[in-house]
Structures are given as structure tokens and as C-alpha cells.
Amino acid sequence: MLYPLYFLTCLASNPTHCEMRVQHFTEISSPQQCLMIAQPSMAAWQAEHDRWRVARFRCGKPPKDDGTRI
């Protein structure tokens, strides 16, 4: 089973405007491995998207709602 990283990003200028993002890893096969890679992956994403801020994240199953909660 693969464990993708789901993270909620919000605009720095408008924190109420948020979008759910997902990053798939081909080499990750456990939740622990996903969590070990999560923070550096989100930091790299954040460095490329300076207008956005990572609000929350999770590894594993997709969130059940519209992306406002993780």
C-alpha cells in the first residue's frame, strides 16, 4: 500500500483561501516512512510557492471532506 502525503495550503495574504494538495511517493510503503519525508517535502514545496503556507498535513488515506480539515 502506498502512503501519499496530503497537505492543506492557505494563501499567506488570505488565510481563509485554502487548497488541498497531494504528493505521491513511489518508494514509501509505511506511514512512518511517509512522516519522515513529510516535513522536508513540504519545506521544499513551500520554498517554491512563497505565497502559500502549509496549514496541516497527513499521510495515508485521503481526507473525507472538502479539504478544510485533515
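Residue numbers run from 1 in the order of the sequence given.
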* Asked: For Leu11 and Arg51, what are the C-alpha separation, side-chain angles and deciding distance, and is it a side chain to side chain contact (heavy atoms under 4.5 Å, CB included)?
  -> CA-CA 6 Å; Leu11 279 174; Arg51 294 179 37 203; 4.0 Å; yes

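Note that CD of Glu19 and OG1 of Thr9 are 5.5 Å apart. Values are rounded to the nearest 0.5 Å. Summarising the geometry, atom SG belonging to Cys18 is positioned 13.0 Å from atom CZ belonging to Phe7; distances are rounded to the nearest 0.5 Å.
When the side-chain contact (heavy atoms from CB on, under 4.5 Å) test is applied to Pro31, the partners found at least two apart in sequence or on another chain are Tyr3. Residues forming a ring-ring contact (aromatic ring centres under 6.0 Å, His included) with His17 (at least two apart in sequence, or on another chain): Trp52. Applying the side-chain contact (heavy atoms from CB on, under 4.5 Å) test to Gln33 and every residue at least two apart in sequence or in another chain returns Ile28, Ser29, Ser30. Considering only residues two or more places apart in sequence or on other chains, Ala55 meets the side-chain contact (heavy atoms from CB on, under 4.5 Å) condition with Leu8, Cys10. Residues forming a side-chain contact (heavy atoms from CB on, under 4.5 Å) with Glu48 (at least two apart in sequence, or on another chain): none.
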Distance-only donor-acceptor pairs under 3.5 Å for side chains of residues 34-45, two or more places apart:
{"residue": "Ser41", "atom": "OG", "partner": "Ile37", "partner atom": "O", "Å": "2.9"}
{"residue": "Trp45", "atom": "NE1", "partner": "His49", "partner atom": "ND1", "Å": "3.4"}

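In this structure, the side chain of Gln23 does not engage the main chain of Tyr6 through any donor-acceptor pair within 3.5 Å.
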